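To start, the structure itself, in structure tokens.
These numbers come from a predicted model, not from an experiment. Whatever order the structure lists ligands and atoms in, that order sets their numbers, starting from 1.
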Amino acid sequence: MADWDLLLTDARIATMRADAPDYGVISDGAIAVADGSIAWIGPQNERPSSDAKRTRSLHGQWVTPALIDCHTHLVFGGSRAKEFEQRLKGASYEEIAKAGGGILSTVRATRDASVDELFDVALPRVQSLIAEGVATIEIKSGYGLDVENEIKMLTVARWLGESSGINIRSTLLAAHAVPPEFKGAADDYINLICNELLPEVAERGLADAVDAYCESIAFSAPQVAQVFRTAIDLGLPVKLHADQLSDGGGAELAAHFGALSADHLEFTSAAGVQAMRKSGAVAVLLPGAFLTLGETQLPPIDELRSNDVPIAIASDCNPGTSPICSIRNAMMLASRLFKLTPEECLAGATREAARALGLGDDRGTLENGKRADIAIWDITHPRELAYWIGTPQLVELLLADRT
Ligand code: DI6
Ligand code: FE
């Protein structure tokens with residue numbers, strides 16, 4: 001009987017291991033896969049002799065860990081192109097939100113859509129990420145804002161996971177905006193989330209994590225804390241949209257609750273970075289939102305680097321602030337706007353994105369025992385992955401479940 005299901009030979013491998021320099025390159029490598037996991041990886045001339053059901057030479061092509069988009073809102077109804085136009089004519093994101101547009105206009109369209117309709121508009125967004133080499137996507141709720149519609153969104157996310165062939169992690173983001181029926185009564189909405197929605201979501205296993213939006217146009221730190229305490233009591237990990245438009249102490253709040261990640265971080269202070277360093281939270285940077293909102297305040301990149309806070313990059317795909325359903329474009333923007341190196345960009349969409357989802361032990365690098373989600377590329381070096389704009393270089397995405 002064969003020991004391995006698949007043996008890839010003659011590969012140039014960017015393992016992206018945390019403990020190896022320069023992309024963790026193995027220039028003349030082989031990878032053996034068994035039961036969907038990497039059973040052996042290393043230089044070809046060190047490969048033990050073992051039988052494989054299938055052997056495939058990659059003829060010197062590059063392979064990397066499959067990409068991971070660890071922060072998206074890609075399930076939503078309607079379109080916000082009109083607001084995009086309004087913003088270009090001078091209206092601010094906050095002004096539009098306060099006038100009942102913004103997130104709330106997507107809430108109306110999402111509430112009006114059926115499960116089937118939401119699935120049908122979201123699937124092409126998932127497929128466009130897969131076409132770029134993405135094998136794990138996080139999808140947030142947050143446009144339902146009541147028990148029925150938040151659960152509808154999470155159901156769509158689970159369904160996308162079952163039908164797309166890749167791994168989808170779903171996140172409950174009920175504390176995204178105050179729903180219209182709770183205008184002026186945000187605390188009551190928080191109570192609804194904590195007393196009704198979260199227990200039901202946890203019991204039905206519909207979410208892998210819980211997120212919240214801590215911002216002056218959304219929820220205060222004490223309101224987020226109440227949601228986080230409830231989530232943690234129910235055994236769900238937490239993460240936070242933090243300090244995107246102002247320094248609301250979001251990074252500190254996320255760190256205090258042991259959050260997997262704090263995301264955005266444009267206005268995070270030095271104290272916030274320190275708190276993240278101590279807690280081990282991943283910094284998820286979202287350059288698509290930075291670009292779309294025309295932000296000028298950069299996240300504290302040097303501070304994050306010098307404190308060894310892991311930096312992930314995600315698309316933040318959403319109709320309002322980041323209409324970018326592309327992790328490759330997010331990597332490209334992170335290099336141009338945030339001056340991340342190409343290696344940081346690739347690590348941010350593989351190793352660190354896996355950590356941001358609490359999946360660092362399972363995927364995100366090519367190492368023994370990890371999931372065999374592998375991207376094969378037509379490139380001269382992995383630094384090209386943050387360099388080209390709009391050039392699809394994926395040759396093939398190998399998925400662990402299908403090897
Ligand atoms: N921050 C964002 O950038 C998105 N959500 C959030 O909390 C915006 C979502 C939207 O405008 O629809
Ligand atoms: Fe977001």
Evaluate side chain to side chain donor-acceptor pair (under 3.5 Å) for Gln393 paired with Asp378, printing each intermediate quantity in order. CA-CA 5 Å; Gln393 293 150 311; Asp378 179 18; over 6 Å; no
With heavy atoms only and a cut-off of under 4.0 Å, state how Glu215 meets ligand 1: side chain, backbone, both or neither. neither
With heavy atoms only and a cut-off of under 4.0 Å, state how Asp316 meets ligand 1: side chain, backbone, both or neither. side chain
With no hydrogens and no angle check, just 3.5 Å: does a side-chain donor-acceptor pair link [X] and [Y]?
X	Y	value
Ser246	Glu215	yes
Arg158	Ser170	yes
Thr136	Arg363	yes
Asp263	Gln244	no

Identity and distance of the protein heavy atom lying nearest [atom]:
atom	value
atom 1 (N) of ligand 1	Gln244 OE1, 3.1 Å
atom 5 (N) of ligand 1	His176 NE2, 2.8 Å
atom 11 (O) of ligand 1	Tyr93 OH, 2.5 Å
atom 4 (C) of ligand 1	Thr321 OG1, 3.6 Å

Counting each atom of ligand 1 from 1 as listed, which ones have a heavy atom of [X] under 4.0 Å away?
X	value
His73	5 (N)
His241	1 (N), 6 (C), 7 (O)
His264	1 (N), 2 (C), 3 (O)
Arg80	10 (C), 11 (O), 12 (O)
Ile103	9 (C), 10 (C), 11 (O), 12 (O)

Among the protein atoms near the Fe ion (ligand 2), how many are N, O or S and lie under 2.8 Å away? 4
With sequence neighbours excluded, what pairs up with [X] under the side chain to side chain contact (heavy atoms under 4.5 Å, CB included) test?
X	result
Lys53	Ala2, Asp5
Leu192	Val147, Phe182, Tyr189, Glu196
Asp116	Ser114, Trp159

Should the pair Arg111-Asp146 be classified as a salt bridge under the 4.0 Å nitrogen-to-oxygen rule? yes
Is the shortest distance from a Lys or Arg side-chain nitrogen in Arg328 or Glu132 to a carboxylate oxygen in the other one below 4.0 Å? no
Considering non-hydrogen atoms only, spot the tightest contact between Leu104 and Val178 and give its length. CD2-O, 3.7 Å
With the threshold set at under 4.0 angstrom, would you say Thr106 reaches ligand 1 through any of its heavy atoms? no
Is Tyr143 near ligand 1, meaning one of its heavy atoms is under 4.0 Å from it? yes
Carefully, step by step, assess His71 and His241 under the rule side chain to side chain donor-acceptor pair (under 3.5 Å). CA-CA 10 Å; His71 179 142; His241 280 71; 3.0 Å; yes
